[in-house]
Structures are given as C-alpha cells and as structure tokens.
Amino acid sequence: MRRARLAVLVSGRGTNLQAILDATRDPDYPAEVVVVVSDRPDAYALERARRVGVPAHVVLWSKDPEESGRRLAQVLEAHGAEWVCLAGFLRILDPRFVERYRGRILNIHPSLLPAFGGKGMYGERVHQAVLASGARESGCTVHFVTAEVDAGPVVAQARVPVLPGDTVETLAARVAEQEHRLYPEAIRRVVTGQVRFDDLVAEQRR
Ligand code: GAR
C-alpha cells in the first residue's frame with residue numbers, strides 16, 4: 001500500500017499531532033507523517049515528532065505572509081509532503097499558499113462549525129464562547145482549508161454535550177477526546193478519496 005505523505009503544522013502542545021502519529025503506527029493506516037512544522041520554536045509538538053524520528057522544523061512567521069508561505073512551502077516540498085494537516089496551528093495561511101495546496105489542506109477546530117469559528121476563535125476562547133452562549137452541545141470539526149478562515153467544506157464532525165457545571169477545562173477535555181478520534185479518521189477518508197474537496201464544494205454551491 002502506498003501511504004499518503006502528510007505534513008502536520010503545529011503551534012502548541014500537539015495532542016492532535018500525537019493522535020495522528022499514533023494512528024500511523026498501524027501499517028494499514030493509509031498515511032504517514034513526513035514532516036512537522038511549527039511557527040514557534042518552543043512548541044512541545046516538535047518534541048513529539050523528534051521522539052518518533054519525524055523531521056521537525058521551525059518556520060518563523062514574518063510580517064510578510066506571502067514570504068512566510070513561500071518558506072513553509074519550501075520545507076514541505078523538500079520532504080515531499082502531499083497533504084497539509086493543521087493541528088493547533090495558529091497562523092492564518094496566505095491565500096497563495098492555500099491555492100498552491102488547493103483541496104489538500106485540512107484543519108481541526110474545537111466547535112461545531114460554522115458555530116464559534118472565524119478569526120480570533122481558537123483554543124480556550126472557543127470553549128469560553130460556547131459556555132457563555134448557553135449552548136447545550138459542542139464538538140469538533142475537521143474541514144478543508146480555503147482562503148476564508150474556518151469556512152471551508154466540512155469533512156467530519158463529532159458532538160459532545162455541554163454539561164451543567166462545565167468549565168473551559170472540562171469542556172475542552174471532552175472535545176479533545178473526540179478530536180483525537182476524529183482527526184485520524186477524517187484524514188483516512190480524505191487521502192483514500194472517500195471524501196473529495198471538489199465534491200464538497202459542488203454540494204456547498206447547490
Ligand atoms: C485543538 O483543540 C484544536 O482544535 C485547536 O487548538 C487545539 C490544539 O491542541 N485549534 C483551533 O482552535 C484552530 N482554530 P493540540 O496542540 O493539543 O493538538
């Protein structure tokens with residue numbers, strides 16, 4: 001079996017990266033991680049990659065988004081990456097980078113998009129907003145990345161209840177558990193062609 005070559009982009013602790021790395025230990029899993037890239041040198045996720053011998057790179061973000069995107073693409077190309085998985089990566093990708101990897105970039109977001117998404121909505125802020133809204137349900141979404149933040153076609157979602165007495169921490173932990181299951185499964189569906197970007201875009205337009 002030929003395995004799809006994934007780049008995983010991270011900024012933080014990398015528990016989703018870990019879930020993907022764990023999934024790739026199964027020889028029947030249809031993808032492998034060929035490179036991990038962080039915009040932050042101190043991201044613990046880099047350590048997780050190094051531990052299992054996956055090349056880990058830092059690409060510092062400059063004020064010029066196009067130039068940052070070009071440097072990122074150079075690293076991905078040097079490792080022959082075919083797919084890009086954002087796993088807690090907090091930079092907004094330059095539209096030219098998104099176009100270059102059109103239909104081959106995935107992101108995971110800790111809410112049921114389109115609810116609680118968009119610029120500035122990441123990590124704890126999302127759970128804070130969910131709790132403040134009084135919503136009875138939350139979850140996570142894996143979607144294709146397009147130029148518009150958090151608005152690309154949805155590949156998969158998982159739901160969790162919001163329980164009385166929940167704090168940001170308890171809700172985040174319940175959502176994270178689902179993320180770690182959902183992301184490797186969504187990657188499997190996309191790299192095997194079960195879910196296709198162009199089909200989802202056509203559906204969105206209907
Ligand atoms: C995850 O919950 C992910 O959904 C979220 O950041 C966390 C990263 O955790 N991403 C966003 O909020 C993107 N808007 P991790 O570093 O442990 O995988």
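By convention here, the first residue in the shown sequence is residue 1.
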Practice prompt. Any chance you could lay out the side chain to side chain contact (heavy atoms under 4.5 Å, CB included) test for L72 and V37, step after step, and finish with the verdict?
Written response: CA-CA 8 Å; L72 175 61; V37 180; 3.7 Å; yes
How close do [X] and [Y] get, counting heavy atoms only, and between which atoms?
| X | Y | value |
| --- | --- | --- |
| A31 | T24 | O-CG2, 3.4 Å |
| L171 | P161 | CD1-O, 4.3 Å |
| S133 | F116 | OG-CZ, 3.4 Å |
| P27 | M1 | O-CE, 3.2 Å |
| R125 | G120 | NH1-O, 3.1 Å |

Is there a side-chain contact between [X] and [Y] (heavy atoms, below 4.5 Å)?
| X | Y | answer |
| --- | --- | --- |
| R96 | E99 | no |
| L113 | H143 | yes |
| V75 | H79 | yes |
| L200 | Q204 | no |
| V8 | V10 | yes |
| S11 | R40 | yes |
| S68 | D94 | no |
| V35 | L76 | yes |

Item to complete: To the nearest 0.5 angstrom, please state how far the CD atom of E137 sits from the CG atom of L163.
Response: 11.5 Å
Worksheet item: Quick one: OG1 on T167 to CD on Q128, what's the gap to the nearest 0.5 Å?
Response: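 T167 atom OG1 to Q128 atom CD measures 10.5 Å (nearest 0.5 Å).
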[X] side chain to [Y] main-chain N or O, any donor-acceptor pair under 3.5 Å?
| X | Y | value |
| --- | --- | --- |
| S38 | A43 | no |
| Y29 | P184 | yes |
| R91 | D39 | no |
| D150 | G118 | yes |
| R48 | G14 | yes |
| S111 | V126 | no |
| R71 | L60 | yes |

Quick one: do the [X] and [Y] side chains pair a donor with an acceptor below 3.5 Å?
| X | Y | result |
| --- | --- | --- |
| T146 | E148 | no |
| S138 | H127 | no |
| Q157 | T141 | yes |
| Q178 | R181 | yes |

Fill in: Test applied, side chain to side chain donor-acceptor pair (under 3.5 Å); reference residue, Q18; option that passes from T15, N16, D22
D22
Should [X] and [Y] be regarded as members of a common hydrophobic cluster, given that ILVMFWY residues are connected when their side-chain heavy atoms come within less than 4.5 Å of each other, either directly or indirectly?
| X | Y | value |
| --- | --- | --- |
| L106 | V201 | yes |
| L17 | L9 | no |
| Y101 | V59 | yes |
| L86 | V142 | no |
| V190 | V84 | no |

Inspect the contact between [Y] and [X] and indicate whether a charged nitrogen and a carboxylate oxygen are less than 4.0 angstrom apart.
| X | Y | value |
| --- | --- | --- |
| D198 | R196 | no |
| E77 | R100 | yes |
| D166 | R174 | yes |
| E47 | R51 | no |
| R5 | E82 | no |
| R188 | E185 | yes |

Practice prompt. Taking atom CD of E32 as the centre, report whether more than 12 heavy atoms of other residues, nucleotides or ligands fall under 6.0 Å from it.
Written response: yes
Worksheet item: What about the rings of W83 and F144, do their centers lie closer together than 6.0 Å?
Response: no
